[in-house]
Number of protein chains: 2
Amino acid sequence: MVPADWTEEKSEIASARTGDAMQAMAAFIAASDLRPGDRLPPERRLVDELSVGRSTIREVIRHWQALGVVESRQGSGTYLLRRITPETMHVPLAIEARRSGLLQMLEVRRGLEVEASALAASRCQAGALRIIEDRLDAMEAVHLEKGCAGPEDLAFHLSIYEACGNPLFGQLLSQMRESVSALFALSDLRVDFAARSFPFHRTLFNAIAIGNAEAARVETLKILAIVEEDIKDMLR
Amino acid sequence: MVPADWTEEKSEIASARTGDAMQAMAAFIAASDLRPGDRLPPERRLVDELSVGRSTIREVIRHWQALGVVESRQGSGTYLLRRITPETMHVPLAIEARRSGLLQMLEVRRGLEVEASALAASRCQAGALRIIEDRLDAMEAVHLEKGCAGPEDLAFHLSIYEACGNPLFGQLLSQMRESVSALFALSDLRVDFAARSFPFHRTLFNAIAIGNAEAARVETLKILAIVEEDIKDMLR
DNA sequence: ACCATGAATTGGTCAGACCAATTCGAGTGG
DNA sequence: CCACTCGAATTGGTCTGACCAATTCATGGT
């Protein structure tokens, strides 16, 4: 059950010497049968169980933290975010999140979002389609009531990433959204990007529903074109 | 960007904790004008300079190590692998190292590569175009001579990422290529993806040269369609 | 000039202590 | 009986100092 070599893929990035501690910890955690959201054993217990120094434990945890595998909360504990499996390879990306880079990030997002929509249209199942429509209905309802619908818009797009059948799109795009909103949190700017692009969300859904990948691509481009205008407008 | 007054922050605030310590270290390293391959200051020196404990320093280094930003060699030092600034965003990706992971990555790559080619076609300058053509000529020459041209193919595509004017594409796509080749290194498979898609590299260049974004998109799709076939063929 | 050897450098680990935030339960008051 | 408060226990975060292991570099001898 415990993969003897799951850390070896990372040994190109991390030093192979720490592999022992990381491997032992991975084994211990895997043996504990933890699921995402569960709390890892306290650092001091791992020190006892694994007979290694606490700093080593902490460095391994930091490593996983950097990879988004675990999350630590002071006073509470360290929690598992993603299941550790032998087949998972972690690819770190470092991208510039400068404010002037908003348009650059949008271009990347356009490439990804268009592809995700097209894939969703070409392989979306009935169940996933229902979820998308539910999110769309919720978004439209909230939008008509409050005039904007930020979280619901996010939920709608996330359901499309889900429907495309490739988890990488969801991972990449939601990470990009997070960093963008982190940027906004720093510079107290506030724009509801979903406002003007609102009607195209329904047309995008229709394209996905009938399985028309090219139409899904075009509708996604329309949405992002409006986002681009809004960003340029805001930066002026 | 690099704050010119980071030394003042350091001296007036003694509470440089990990999150801040990471920023402070990033600032310090950026201020040192280090380039990839250069050696970072020794941990004990950073302890003095930044007025934080060595364990904190090590945990930050560990973090960057996990993200592939630095590499540590015992007895030698810690070396910078990628340029880092205080505002760099790190996006860890979890990729299935199983066979299906290759196709998943290809889908992501298709989204990015298509957009990069289209952008390159719409805003490529004469200088960048010359570089692309040089790389293409070199690739064709090597291909005709040896039958395959892996590195030259990579160089050709990299020049397109450069020409698109958005550094994010180069970072993302080259990281993905690295991880893919890491996959191949593990599972001793070897395929020259550039072989059958070879002729379409010239047509892609032509599309970029005349500034036809849609044609560039189509030609890129042709190349990636062949890569997809090769992958599926290989996995059989 | 070359090379071997040992000291200095540098990352890796361990141990213990203390701080800070959270959690949890006993005790109190309603 | 429930809800709240407050303090102790828990847990992550940091600092210090020490020692080990690998590398680097200067010193000296040939």
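Fair warning: this is a prediction, and the values are worked out from it, not measured in the lab. In the text below, chain A, chain B and the rest are named by the order of the sequence lines, each starting its count at 1.
An OP1 or OP2 oxygen of dG12(C) is reached within less than 4.0 angstrom by a side-chain nitrogen or oxygen of R58(B).
Atom CD in E71(A) sits roughly 15 Å away from atom C1' in dT11(D) (whole-Å rounding). Between the CZ atom of R39(A) and the P atom of dG12(D) there is a distance of 7 Å, given to the nearest Å.
Residue contacts shown for G75(B) include a base, since a base heavy atom lies under 4.0 Å away. Among the atoms of the strands shown, only primed sugar atoms or phosphate atoms (P, OP1, OP2) are found under 4.0 Å from some heavy atom of S76(A).
Ring geometry for F198(A) versus H143(A): interplanar angle under 30°, hence parallel rather than tilted (30 to 60°).
Distances were taken from every side-chain heavy atom of E59(B) (C-beta onward) to each of dT13(C), dT14(D), dG11(C); the shortest belongs to dT14(D). With dG12(C), dC14(C), dG12(D) as the candidates, the nucleotide lying closest to the side chain of S55(A) is dC14(C). Of all nucleotides listed (dA22(D), dT11(D), dT14(D)), dT14(D) comes nearest to the side chain of R54(A).
Here the closest heavy-atom approach between residue S159(B) and residue R135(B) is recorded as CB-NH1, 3.7 Å.
Comparing the end axes of the helix from dA1(C)-dT30(D) to dG30(C)-dC1(D), each fitted to five base pairs by superposing C1' atoms of four pairs onto the next four, gives an inter-axis angle of 10° (nearest 10 degrees).
Contacts with DNA chain D (heavy atom under 4.0 Å) in residues 42-50 of chain A: P42(A), E43(A), R44(A), listed by number.
The pair E107(B)-R123(A) counts as a salt bridge, with a side-chain nitrogen and a carboxylate oxygen less than 4.0 angstrom apart.
By the salt bridge (charged side-chain N to carboxylate O under 4.0 Å, His left out) test, R44(B) pairs with no residue at all, sequence neighbours left out.
Looking at E43(B) and T78(B), their side chains never bring a donor and an acceptor atom within 3.5 Å of each other.
Considering CZ of R62(B) and NE2 of H63(A), their distance stands at 7.0 Å, rounded to 0.5 Å.
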>> L40(B) vs Y79(B), test: side chain to side chain contact (heavy atoms under 4.5 Å, CB included). Steps then yes/no.
In response: CA-CA 6 Å; L40(B) 271 64; Y79(B) 297 83; 5.8 Å; no

